[in-house]
Amino acid sequence: MINFSPRVRFAPSPTGYLHIGGLRTALFNYLFAKHNNGKIVLRIEDTDRNRFVEGAVENLIEILDWSGIYFDEGPTQGGDYGPYFQSKRLELYHSYTKKLLDDKKAYRCFCSPERLKELRESQQKQKLPQIKYDKHCLNLSEDEIQNKLNNNERYVIRLNVQPGELVHVNDIVRGRVEFNTDNIDDQILIKSDGYPTYHLANVVDDHLMKITHVIRGEEWLSSTPKHILLYDYLEWEHPVFAHLPLLLNTDKSKLSKRQGDVAVEDYRDKGYLKETLINFVALLGWNAGDDQEYYDMEELIKKFTLERVNKSGAVFNIEKLNWLNGEHIRKKTIDDLLPELKKLLRSSKYEELSLTDEYLRLVLTAMHERITFVKDIITNSWYFFERPTQYDEKTIKKRWKNDSESLLKQFLDSVEGLENPTKEDFETVLKKVTENNNVGLGRLIHPLRLALSGVGYGPGIFDLIYILGKEEVVERIKKGLDILPKLKNDIQN
RNA sequence: GGCGCGUUCGUCUAGUGGCUUAGGACGCCGCCCUCUCAAGGCGGAGAUCACGGGUUCGAAUCCCGUACGCGCUACCA
């Protein structure tokens, strides 16, 4: 535990969805803040007007909220350091740019995109070690600048990086990382549309919002020296940095849209629990040092420290994610799962069915240990919602014997004589039939399951019978008796 | 190309100089449980700790080099 109250931020740009890597970054910020009794702020980095996406911010906030990552300050809850949209903080950036300009730490650049492009290409052709701006506009005289300004020429503002110096970052996860300013370009701070670039905005905001720890993805490590320079030129103390390892595709490249789902909402829509996603993503790049794999948010908060974050990238492995979802589903109660099942049923082909909560609870209880997703109940145990219309061939072949028809008939007769049977009544009757015929239980159970469900797998037979109920069981046996002997015959010929 | 970061079973990882014949998890295989399928339990295969040099009595662990991978290299974030 650090001995002061830290302030961290999650600063996504509203691209339309929350990237799973973004969720991990948000989570690590959240865990760090909560573990240390600090505050976490949500700040929207919407400085790229070309990338404006309608509704993106609302969607971002909604999915973050769904995930269980709650912010102390941000667009919805407000706070003392707002506004929390960078697009609403333009004057702030300009006032600090003015100071930079006055101190000659930044300068106006009137170069056209065309000249920049040519410059880059010629540097490339000359095989220069690094490609960067040639400080051409730094040599403009005051008069020239004034002239261009009066002519309303478009310009950007660049950071005036002093070459030949060493800048270092003390990164919590990577240790000391050094950079030579010879390799650092005169970064554009203000674009010609008057909006700041990420580099300027994030430094100004982090300072003004009193951010103590910048926890972000490794893709930012290379531009951190620019940020350090900015803090130095503005004479501000810099925050502590922690660059998180990247989340990777199976081919080890940065997790991207092209190779599968990357949006948190994709996973949510597929039926992953938020608990699963949080648990899984926490273990990608972090480990408490023990063998624990199952976590809830509370435990994560208790155990999380930045010092135990790994350095190397982690492949996002769906197999393990699936297993974890099963684990979290098994930890849920039936009543936790019920609303989700009802929701899924409403949007399935069984939407017209009027099923009681009591019935669904029984189904849920029977299937609880057998599913990875709640939706598996509908896809794997559809026989709870409709009579079998076809019967699995392999199971018929394996389970339908010469005496199956006779045994099933006897069972049917006995069941029809039962009044308000309990699960035990069914069991007694079934045992009686097998005893009378001097055969093992399985001899009747398997054909019965086939008749009731059409498949060879599923919950215990007595649960199945009990859930379906006497009337339905009778109907299904009759139907099975009608069809199964014929099917068996067809298969054999 | 330049700069930076990384490299332990297929994957996620434990390991911070002797406790390691490198431990766990997912997945895979087998056995047990059992009316089936799961769940659960037990066991197995699977890593010359990227490679090469050092340092040390002793290295996955420290140092150097090489290779490979990845990231950044935009008036994107």
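In what follows, chains are A, B, ... by sequence order, proteins preceding strands, each numbered from 1.
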For [N], which nucleotide in any strand shown is its Watson-Crick or wobble partner with both distances under 3.5 Å?
N: B/U7; answer: B/A67
N: B/A14; answer: none
N: B/U21; answer: none
N: B/U34; answer: none
N: B/C72; answer: B/G2
N: B/G46; answer: none

Integer-rounded Å distance: [N] [atom2] and [X] [atom1]:
X: A/R9; N: B/A77; atom1: CZ; atom2: C1'; answer: 11 Å
X: A/L464; N: B/U34; atom1: CG; atom2: P; answer: 21 Å
X: A/K254; N: B/C72; atom1: NZ; atom2: C1'; answer: 9 Å
X: A/W286; N: B/A25; atom1: CH2; atom2: C1'; answer: 14 Å
X: A/E218; N: B/G6; atom1: CD; atom2: P; answer: 8 Å
X: A/L450; N: B/C35; atom1: CG; atom2: P; answer: 18 Å
X: A/L430; N: B/U36; atom1: CG; atom2: C1'; answer: 14 Å
X: A/I465; N: B/U36; atom1: CD1; atom2: C1'; answer: 13 Å

Using OP1 and OP2 only, check whether a side-chain N or O of [X] sits under 4.0 Å from [N].
X: A/K125; N: B/G1; answer: no
X: A/T47; N: B/A77; answer: yes
X: A/K191; N: B/C76; answer: yes
X: A/R399; N: B/C37; answer: no
X: A/R120; N: B/U73; answer: no
X: A/N310; N: B/A14; answer: yes

**Asked** So, A/Q123 side chain and A/K132 main chain: donor-acceptor pair closer than 3.5 Å or not?
**Response**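 Yes, A/Q123 side chain to A/K132 backbone: donor-acceptor pair under 3.5 Å.
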**Asked** A/D206 side chain to A/I211 main-chain N or O, any donor-acceptor pair under 3.5 Å?
**Response** no
**Request:** Determine, for A/Y272 and A/K270, whether the Lys NZ or Arg CZ falls below 6.0 Å from the six-membered ring centre while staying within 45 degrees of the axis.
**Result:**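 Negative - A/K270 is either too far from the ring of A/Y272 or too far off its axis.
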**Message:** Within the 4.0 Å heavy-atom criterion, would you say A/E293 contacts the bases, only the backbone, or no part of the nucleic acid?
**Reply:** base
Distance check, [atom1] atoms only: [N] and [M], in whole angstrom units.
N: B/C3; M: B/U8; atom1: P; answer: 25 Å
N: B/C57; M: B/U48; atom1: C1'; answer: 23 Å
N: B/A74; M: B/G69; atom1: C1'; answer: 24 Å
N: B/C72; M: B/A77; atom1: C1'; answer: 13 Å
N: B/U11; M: B/G4; atom1: P; answer: 27 Å
N: B/C51; M: B/A22; atom1: P; answer: 15 Å
N: B/U61; M: B/G53; atom1: P; answer: 14 Å
N: B/G27; M: B/C64; atom1: P; answer: 41 Å

**Request:** Please confirm whether any donor atom in the side chain of A/R370 sits under 3.5 Å from an acceptor in the base of B/C37, or the reverse.
**Result:**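 For A/R370, whose side chain was compared with the base of B/C37, there is a donor-acceptor pair (under 3.5 Å).
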**Asked** Any N or O donor-acceptor pair linking the side chain of A/K320 to the base of B/C12 at under 3.5 Å?
**Response**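 Per atom types, the contact qualifies.
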**Sub-4.5 Å side-chain heavy-atom contact between A/W400 and A/L408** =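 Result yes, sub-4.5 Å side-chain heavy-atom pair found.
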**Asked** If you look only at pairs with a residue in residues 274-286 of chain A, which of them pass as a side-chain hydrogen bond (donor to acceptor under 3.5 Å, both in side chains), with sequence neighbours excluded?
**Response**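 side-chain hydrogen bond (donor to acceptor under 3.5 Å, both in side chains) check on residues 274-286 of chain A returns A/E275-A/K332, A/T276-A/N325, A/N279-A/H328.
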**Complete:** Minimal heavy-atom distance between A/P239 and A/V214, with the atoms involved, is CG-CG2, 3.6 Å
**Prompt:** Relative to each other, are the rings of A/Y107 and A/Y133 parallel, tilted or perpendicular (30° and 60° limits)?
**Reply:**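 Plane angle under 30°, so parallel.
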